[in-house]
Amino acid sequence: MYDKGKVLIGLAIFVIAALSIVGYNATMGDVDSFRTDGKPGPEKPVGHDKCVKETAYMQTSHMVLLNEWRDEVIREGKRELVETVGGEMVEKSLQNGCMGCHISKVKFCDRCHDYTNVKPYCWDCHLAPVEAPASKEAH
Amino acid sequence: MKVLRPIIAVLLLIVVGGLLGMSHGTQMLAGVILPSIAFLVFIVGFIRKVLDWSKSPVPFKIPTTCGQAKSLDFIKADRFDCPDSKSDVIVRMFLEVFLFRSLFRNTKAEMHDGPKITYGPNLWLWLFGILFHYSFLTIVIRHMRLFTEPVLPGLGFLEYIDGFVQIGAPVLYQSDLIFLGCVTALFIRRLIAPQVKYISLGSDYFPLALIFAIGTTGMMMRHLFRVDVTAIKQLTLGIVTLDWTVPANIHPIFFIHVVLVSTLMMYFPFSKLMHMGGIFFSPTRNMTNDTRAVRHINPWNDPNIKPHSYAGYEDEFREFMVDADIPVDKPLPPKAEEPAEEAKED
C-alpha cells in the first residue's frame with residue numbers, strides 16, 4: 001500500500017462522516033422519546049372532533065390549505081366562512097381559524113414542526129396565540 | 001440504444017419500487033432492508049475500491065503541468081499549475097476538489113474566416129457541474145433532518161437559506177430546481193455535443209437518468225403527492241437507530257424514491273461515480289513537479305536490478321568497443337595484463 005498514512009486518514013474521515021449520523025443518534029439523540037410511539041403527538045383540540053378537512057389530508061397538506069386561504073382572502077377578498085367536515089363554520093384565517101380550535105402553537109404546530117425541522121415563516125408577522133402559563137415548556 | 005437502455009433501466013426500477021411500495025408487507029423490504037443493505041454496500045465497496053487504488057503503484061512522475069515550472073529566480077513560476085512543493089499541491093488539490101478548477105480552465109478553439117483561430121473560455125460544463133454538485137450536497141445535508149432526533153443544529157438555517165425565495169407552501173427549495181436543471185443540462189450536453197456523444201456510454205447516461213429520477217420523485221413527494229413527513233421520519237429514524245418500523249399509509253412514491261436512492265448507493269462504488277474518492281488519487285493532480293530535484297523511484301523496479309551507469313557499461317564492454325573502434329572514455333589497460341585478466345574470468 002502506498003501513502004498508507006494519508007489513505008488511512010482519508011478513509012477514516014469517510015467512514016466517520018458516513019456513520020456520524022448513527023453515532024449522533026446513539027449519543028446525543030433523544031432516542032427514547034421517539035421509540036415509544038414514534039409520533040411527536042400534537043395535542044388534539046378539546047370540544048371539536050373534526051378538522052377543516054379530513055385528518056389524513058390535514059396531516060400532510062395543511063400548508064396547502066393555508067396557502068389557498070391566504071390567496072383567496074388577500075388576493076380575491078373572499079372572506080366568507082368555510083364549512084368544516086364537522087359542519088362548523090370557521091373563518092379562513094390562520095390566527096382566527098386554525099388557532100381558534102388549535103389554541104396552542106407550542107403544543108400543536110411546534111410538536112410536529114420541531115420533529116420534522118419545519119420553521120414556517122408565517123409567525124414573522126402573524127401572532128401566535130398566547131400560551132397558557134402552564135404550557136410554558138421549552139420546545 | 002446507449003441512451004435508451006439506461007432510461008429503460010431507470011423506468012424498470014421505478015416500476016419495481018412502485019410495486020414494492022403498494023402493499024404494507026413489501027414496504028419493509030423496499031423502505032428499510034434494501035436501503036440498509038445499499039448503505040453497507042456503498043461503504044464497504046467504497047473502502048475496497050480506495051484500498052485497491054492505494055495498492056496501485058505510480059511508475060512515473062506525471063503531474064499535468066499547465067504553467068511555468070520553478071526555474072531560475074527571475075523567471076516567475078506558476079505555483080499552482082506546476083506545483084513544486086507539497087503545500088502548492090495541497091492548494092492545487094483544494095481548488096480542484098472544491099472549485100473544479102480544471103473544468104474552469106477549459107477553453108474552446110474556434111476557426112474564423114481568415115483563416116484565424118481563436119481560443120476562448122468555455123464554462124458551461126464547469127457551471128453546470130459545480131452547481132450540480134453543490135446543490136446535491138445541500139440536498140443530502142438537508143435530508144439529515146429525517147435521520148436525527150433532535151434535528152442537527154444548523155439544518156434549520158440551511159433550509160431557511162434554501163427556501164429564501166419563499167415560493168408556495170411548502171416552500172420551494174432553490175437547490176431542488178438548480179439540481180434538476182443541471183442534471184438535465186448535463187444529460188442534454190451528452191446528446192447534442194457530437195464529440196461528447198461519441199464517447200458517451202450507457203454508464204454515462206445511467207447515473208444521470210437515475211439522479212434525475214431521484215430528484216423528480218423527491219420533488220413530487222413534497223409538492224405533488226404531499227407524503228406524510230412525520231410518518232416517514234419514523235421510518236428513516238428507525239433505520240439508523242436499528243429500530244425497524246414501517247408506519248401505515250406512506251405513499252408508494254416514497255418507496256420508489258428509496259429504491260432509486262438505494263440503487264444509486266449500490267451502483268456508486270462500481271461506477272464512474274467513484275470519482276468522489278478517485279479525485280484524490282489522480283496522479284496528474286496530486287504529484288509535485290519536482291523531478292529535477294527529487295528522484296522518483298518507480299515502485300515496480302526490481303530491487304535486484306541495480307542501476308547501470310555508463311562507466312559501468314563501458315567497463316563491461318570496453319574490449320568489444322575498442323574492437324569495434326567505438327571511442328571509450330578510459331583506454332584499455334596495457335596489453336601485458338590481458339592474459340591474467342582472461343585467466344581470472346575462466
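Source: prediction; values computed, not measured. Protein chains get the first letters and strands the later ones, always in sequence-line order, with residue 1 at the start of each.
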Problem - B/Arg145/A/Val118 under side-chain contact (heavy atoms from CB on, under 4.5 Å): CA gap, chis, key distance, verdict - result: CA-CA 9 Å; B/Arg145 75 171 169 145; A/Val118 184; 3.9 Å; yes

Practice task
Apply the test side-chain contact (heavy atoms from CB on, under 4.5 Å) to residues B/Phe39 and A/Leu19: give CA-CA distance (whole Å), side-chain angles for both, the deciding distance (0.1 Å), then the verdict.
Solution key: CA-CA 10 Å; B/Phe39 186 67; A/Leu19 298 180; 3.9 Å; yes

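Interface remark: B/Val227 contributes backbone atoms only to the contact with chain A (heavy atom separation under 4.5 Å). Residue contact with chain B, scored on non-hydrogen atoms closer than 4.5 Å, involves the backbone and the side chain of A/Tyr2 alike. Residue contact with chain B, scored on non-hydrogen atoms closer than 4.5 Å, involves the backbone and the side chain of A/Val64 alike. Proximity to chain B (any heavy atom under 4.5 Å) is restricted, for A/Lys6, to the side chain, taken from C-beta onward. Using a 4.5 Å cut-off between heavy atoms, B/Ser56 contacts chain A through its backbone alone, with no side-chain atom that close. In this structure, no portion of B/Leu146 lies under 4.5 Å from any heavy atom of chain A.
Summarising the geometry of A/Tyr121 relative to B/Gly168, their closest heavy-atom pair is OH-O, 4.5 Å, with the distance given to 0.1 Å.
The six-membered or imidazole ring of B/Phe42 lies near that of A/Phe14, with a centre-to-centre distance under 6.0 Å.
A/Asn117 and B/Glu159 share a side-chain donor-acceptor pair at under 3.5 Å.
Here A/Thr60 is the residue among A/Asp71, A/Thr60, A/Asp3, A/Leu8 with the most heavy-atom pairs under 4.5 Å with chain B.
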